[in-house]
Enquirer: 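Questions regarding the structure given below will be posed in turn.
Residue numbers begin at 1 in each chain, while the letters A, B, ... track the order of the sequences.
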There are 2 protein chains.
Amino acid sequence: MSSQIPTGTTEPGSQPRYAAIKAHIRAQIESGEWAAHFRVPSENQLAHDFSVSRMTARRALSELTDEGVLIRSQGLGTFVAEPVPAGSLLEVRNIADEIAARGHSYANRILKLEQTTASTEVSVALGLAEGSAVYHSVIVHLDNDLPIQFEERYTNPTLVPEYLQQDFTAATPNEYLTRVAPLTEADTTVEAIGADDTVGEALEIKSGTACLQIWRRTKSSAGTVSFARLVHPGNRYRLGAQLRF
Amino acid sequence: MSSQIPTGTTEPGSQPRYAAIKAHIRAQIESGEWAAHFRVPSENQLAHDFSVSRMTARRALSELTDEGVLIRSQGLGTFVAEPVPAGSLLEVRNIADEIAARGHSYANRILKLEQTTASTEVSVALGLAEGSAVYHSVIVHLDNDLPIQFEERYTNPTLVPEYLQQDFTAATPNEYLTRVAPLTEADTTVEAIGADDTVGEALEIKSGTACLQIWRRTKSSAGTVSFARLVHPGNRYRLGAQLRF
DNA sequence: CAGTGGTCTAGACCACTGG
DNA sequence: CAGTGGTCTAGACCACTGG
């Protein structure tokens with residue numbers, strides 16, 4: 001980092017300077033030198049230490065934040081992030097129970113609870129005509145006050161007419177539905193996505209953060225009960241399964 | 001975007017300018033105006049259209065690229081990305097067969113095939129003493145020449161002594177292991193991660209891109225055969241399961 | 001208040017692609 | 001060659017946090 005390099009140029013064959021700074025920070029964390037919650041040097045400090053502009057130091061910190069390695073807070077500083085909890089995959093468990101089983105406190109935020117009309121996707125999933133009335137809820141579930149699941153759910157009003165009258169702060173949709181329309185079948189799809197703006201805001205993470213997105217269609221003996229989209233911040237959740245053959 | 005705004009300032013209460021540009025691009029894509037493979041305006045064009053500096057236009061394009069919405073190529077331009085394929089979850093299927101089942105061409109790149117010593121994590125997973133000799137392979141699997149899985153695998157040399165002598169361009173590790181040490185049990189963990197630099201390079205995606213990471217420990221009657229880490233680009237892969245109760 | 005991160009500018013040089 | 005995206009600078013103003 002000592003030789004003079006002209007603007008916008010990188011030494012041939014070497015990595016970009018922001019990448020060198022990222023590597024340095026990762027190395028400190030992996031060696032244990034910088035533990036979780038350790039406050040890493042500020043943008044200005046790194047810019048000085050590595051003889052780069054603040055924008056370049058900033059890029060290193062921003063990318064590591066996007067990658068879940070660091071956490072930034074305006075006015076406070078940048079800190080080393082910490083590891084993750086875990087959930088179940090082959091069962092359809094109630095998130096509140098999962099959290100309680102970990103000995104953590106559970107809470108939620110109800111963002112929407114309304115009747116709406118079925119989009120093409122929702123109508124196909126629930127086996128209803130397009131434009132039919134469906135119930136729609138959006139709830140954020142919190143583990144020790146930290147958002148851990150964004151739940152968007154469409155429910156068949158014929159099978160669960162009382163859905164909108166429930167108090168979901170007391171019992172989650174999963175808990176309620178399991179009681180009134182026992183589960184006989186579930187289709188699940190799992191994928192990784194970058195959070196969009198809506199999800200990012202709800203989960204208090206940056207747009208683009210890697211998230212586990214689970215689509216789940218649940219059926220009871222009477223038909224398809226609901227269609228849910230569950231989004232978990234990648235660094236705050238895992239799914240596990242033990243298979244036997 | 002017409003009023004003069006001083007440097008570094010945003011109109012109070014409004015979103016940042018890069019966010020406005022992102023929203024505009026998303027709107028074009030969602031309305032169908034810009035289909036997959038459509039070439040979006042260049043950084044300079046957007047900078048001119050929105051009266052911002054190129055760095056600000058660039059930020060909008062970069063973030064959308066990180067989020068899997070766009071694909072960028074130096075010298076060519078920036079293009080609208082397209083939707084995704086899908087795989088299976090409850091079985092342990094051979095990726096080459098999955099790809100063939102979709103009617104696509106399969107190929108792979110063998111990055112490593114070596115003997116090494118077991119780290120703490122690997123020794124625990126395989127039930128060996130720390131520092132024991134283990135076989136290690138790193139292979140990238142391609143679907144129609146597009147990287148779709150980064151497979152890093154540690155194998156127990158006692159149970160599969162011929163592992164390093166195999167030609168994995170002809171039969172994948174999964175295929176070979178299934179033949180010589182039939183599967184009796186598998187532990188699977190699924191999570192979302194942002195790609196690190198190694199994985200990003202191997203999968204030809206940007207560091208930080210959302211990926212599905214699957215940890216899988218496979219056992220046969222004789223013991224734990226191998227411990228694998230499978231990383232899929234989030235926008236190129238899905239896992240599905242149908243559960244019955 | 002000084003220090004932090006967040007947004008933004010107007011330039012620069014570079015590697016890479018197609019024609 | 002002109003046009004594209006990739007890296008980088010040296011400044012600016014801002015909102016926010018703690019003391």
Enquirer: Can you list the residues that meet the salt bridge (Lys or Arg N to Asp or Glu O under 4.0 Å) rule with Glu204(B), with sequence neighbours excluded?
Expert: Arg109(B)

Enquirer: Without decimals, in angstroms, what is the distance between Lys22(A) NZ and dT7(D) C1'?
Expert: 14 Å

Enquirer: Contact class for Arg54(A) (heavy atom, under 4.0 Å): base, sugar-phosphate, or nothing?
Expert: base

Enquirer: Examine dC8(D): is either OP1 or OP2 under 4.0 Å from a nitrogen or oxygen in the side chain of Arg59(A)? Give yes or no.
Expert: no

Enquirer: Partners of Trp215(B) by side-chain hydrogen bond (donor to acceptor under 3.5 Å, both in side chains), sequence neighbours excluded?
Expert: Glu191(B)

Enquirer: Can you sort out the partners of Arg54(A) under salt bridge (Lys or Arg N to Asp or Glu O under 4.0 Å), two or more places apart, ordered by chain and number?
Expert: Glu43(A)

Enquirer: Could you state the atom-to-atom distance from CD1 of Ile21(A) to C1' of dC8(D) in whole Å?
Expert: 11 Å

Enquirer: Please list residues of residues 70-78 of chain A whose heavy atoms come under 4.0 Å from any atom in DNA chain D, ordered by number; otherwise none.
Expert: Gln74(A), Gly75(A), Leu76(A)

Enquirer: Which residues pass the side-chain hydrogen bond (donor to acceptor under 3.5 Å, both in side chains) test with Tyr18(A), sequence neighbours left out?
Expert: Arg59(A)

Enquirer: What residues form a side-chain hydrogen bond (donor to acceptor under 3.5 Å, both in side chains) with Thr155(A), not counting sequence neighbours?
Expert: none

Enquirer: Could you give the CZ-to-P distance, from Arg58(B) to dC8(D), as a whole number of Å?
Expert: 11 Å

Enquirer: In residues 37-48 of chain A, which ones come under 4.0 Å of DNA chain C, going by heavy atoms?
Expert: Arg39(A), Ser42(A), Glu43(A)

Enquirer: Given the rule that a pair is Watson-Crick or G-U wobble with both distances under 3.5 Å, how would you write DNA chain C in dot-bracket, using | for pairs to a different strand?
Expert: |.||||||||||||||.|.

Enquirer: Residues two or more places apart in sequence or in another chain: which of them pass side-chain hydrogen bond (donor to acceptor under 3.5 Å, both in side chains) with His232(B)?
Expert: Gln149(B)

Enquirer: Near DNA chain D, counting only heavy atoms under 4.0 Å, which residues of residues 203-211 of chain B show up?
Expert: none

Enquirer: What pairs with Tyr106(A) under ring pair (Phe, Tyr, Trp, His ring centres under 6.0 Å), at least two apart in sequence or on another chain?
Expert: His141(A)

Enquirer: Would you please confirm or rule out a distance under 4.0 Å between OP1 or OP2 of dC8(D) and any side-chain N or O of Tyr18(A)?
Expert: no

Enquirer: Can you name the residues that form a ring pair (Phe, Tyr, Trp, His ring centres under 6.0 Å) with Phe150(A), not counting sequence neighbours?
Expert: none

